[in-house]
Amino acid sequence: KTLFSVSFVDNLHGWACGDESTWLSTTNGGETWEAHRIEVSQVGLSGETSLAVPDIIYYSINFQDQNEGWMVGEYGNIRHTSDGGKTWDAQHESLLDALVEKGGSKDVMTMGAFFRVNFIDKEHGLAVGAGGAVAETDNSGKTWRWIAREGDKADVPGLHLYNVVA
């Protein structure tokens, strides 16, 4: 398996994410890692597309402390944990709702990948990705808002954004 991102909150506690819906955790500074698989979120998946999305590639993981963390990846997936990774909630539904409000469909296949997520504190975060996509939250990801998306603004080029520094 390929890993794309690692996040440590101290010398002992770290998480990593990668392909095939895989994420790892360590509590001993990386001496040993425990592998996990996150179930594919059903948010924005129709019956026809659920077979096309068997495993998500997660490109970025960001933890604020030993409990609070976010992971982003293909099809606009944004996942959140408040218990160190025992459970992961899907947080990208508000972005799909915004697409519907603009006349689009509530289908994750219309969203590009997010390549990086970064939070400056537990409330304020940014996710960036394919086609110049930039989304922000100011409530720990309960809702996300598009700042930019390919085709939305003439001054935003359709470039892929691979990093964000907050």
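Heads up: numbering here begins at 1 and tracks the sequence.
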Novice: Minimum heavy-atom separation for Val72 and Ala127, please, with both atom names.
Specialist: CG1-CB, 4.4 Å
Novice: Does Gly125 offer a backbone N or O that forms a donor-acceptor pair with the side chain of Thr137 under 3.5 Å?
Specialist: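 Absent.
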Novice: Begin with the C-alpha distance, continue with both residues' side-chain angles, and end with the deciding distance and a verdict on side chain to side chain donor-acceptor pair (under 3.5 Å) for Ser25 and His36.
Specialist: CA-CA 8 Å; Ser25 61; His36 312 271; 2.9 Å; yes
Novice: Taking the side chain as C-beta and beyond, is there a heavy-atom pair between Ile120 and Leu126 under 4.5 Å?
Specialist: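 Heavy-atom side-chain distance check fails, nothing below 4.5 Å.
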Novice: Should Trp15 and Val9 count as side-chain neighbours, where that means a heavy-atom distance under 4.5 Å?
Specialist: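 Contact flag for Trp15/Val9 side chains = yes.
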Novice: Ignoring hydrogens and geometry beyond distance, is a side-chain donor-acceptor pair present between Trp144 and Glu93 at under 3.5 Å?
Specialist: no
Novice: Sort out for me which residue in Phe119, Phe63, Trp70 forms a ring-ring contact (aromatic ring centres under 6.0 Å, His included) with His80.
Specialist: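 The single option meeting the ring-ring contact (aromatic ring centres under 6.0 Å, His included) with His80 is Trp70.
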Novice: If every non-hydrogen atom of Met71 is compared with every non-hydrogen atom of Cys17, which pair is closest and at what distance?
Specialist: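 Where Met71 meets Cys17 most closely, the heavy atoms are SD-CB, 3.5 Å.
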Novice: Could you grab the distance from atom OG of Ser21 to atom CH2 of Trp88, nearest 0.5 Å is fine?
Specialist: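 One finds 12.0 Å between OG of Ser21 and CH2 of Trp88.
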Novice: Working to the nearest 0.5 Å, report the span between CD1 of Ile78 and CG of Asp89.
Specialist: 12.5 Å
Novice: Is Glu136 close to Asp138 at the side-chain level, that is, under 4.5 Å between some pair of heavy atoms?
Specialist: no
Novice: Taking the side chain as everything from C-beta on, heavy atoms only, tell me whether Gln64 gets closer than 4.5 Å to Asn62.
Specialist: yes
Novice: With heavy-atom distances below 4.5 Å as the criterion, would you say the side chains of Asn77 and Phe114 are in contact?
Specialist: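 With C-beta onward as the side chain, the pair stays apart.
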Novice: Without hydrogens or angle criteria, can the side chains of Ser140 and Glu123 be said to hold a donor-acceptor pair below 3.5 Å?
Specialist: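 Yes, Glu123 and Ser140 have a side-chain donor paired with an acceptor closer than 3.5 Å.
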Novice: Just how far is it from atom NE2 of His13 to atom OG of Ser7, taken to the nearest 0.5 Å?
Specialist: 12.5 Å
Novice: Taking the side chain as every heavy atom from C-beta outward, state whether Met111 and His92 have any pair of such atoms under 4.5 Å apart.
Specialist: yes
Novice: Quick one: pull up CG in Asn28 and CD in Glu34 and give me the separation to the nearest 0.5 Å.
Specialist: 11.0 Å
Novice: Which heavy atom in Ser5 sits nearest to a heavy atom in Arg116, and how many Å separate them?
Specialist: OG-NH1, 3.9 Å
Novice: Quick one: hydrophobic cluster around Phe8, which other residues, with the 4.5 Å side-chain cut-off, linked directly or via members?
Specialist: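 For the cluster that includes Phe8, the remaining residues are Leu3, Val6, Leu24, Trp33.
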Novice: Hey, what do you get for CZ (Arg37) to CD1 (Ile56), rounding to the nearest 0.5 Å?
Specialist: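 One finds 9.5 Å between CZ of Arg37 and CD1 of Ile56.
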Novice: Mark yes when over 12 heavy atoms from residues, nucleotides or ligands other than Asp10 sit less than 6.0 Å from its CG; otherwise mark no.
Specialist: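 Yes - once you tally the heavy atoms of other residues, nucleotides and ligands closer than 6.0 Å, there are more than 12.
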Novice: Of all heavy-atom pairs between Gln91 and Gly141, which one has the smallest distance, and what is that distance?
Specialist: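 Of all heavy-atom pairs spanning Gln91 and Gly141, the closest is CD-O, 3.1 Å.
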Novice: Any salt bridge linking Lys106 with Asp97? Criterion: basic side-chain nitrogen under 4.0 Å from a carboxylate oxygen.
Specialist: yes
Novice: Are the ring centres of Trp23 and Tyr58 closer than 6.0 Å?
Specialist: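 Centroid separation for Trp23 and Tyr58: 6.0 Å or greater.
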Novice: Taking the side chain as everything from C-beta on, heavy atoms only, tell me whether Thr2 gets closer than 4.5 Å to Asp19.
Specialist: yes
Novice: Going by the angle between their ring planes, with limits at 30° and 60°, are Phe115 and Tyr59 parallel, tilted or perpendicular?
Specialist: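 The arrangement is perpendicular - the two ring planes meet at more than 60°.
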Novice: Can you measure from CG (Leu12) to OG1 (Thr27) and round to the nearest 0.5 angstrom?
Specialist: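 So the gap between those two atoms works out to 7.5 Å.
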Novice: With a 4.0 Å cut-off on N to O distance, would you call Lys122 and Glu68 a salt bridge?
Specialist: no
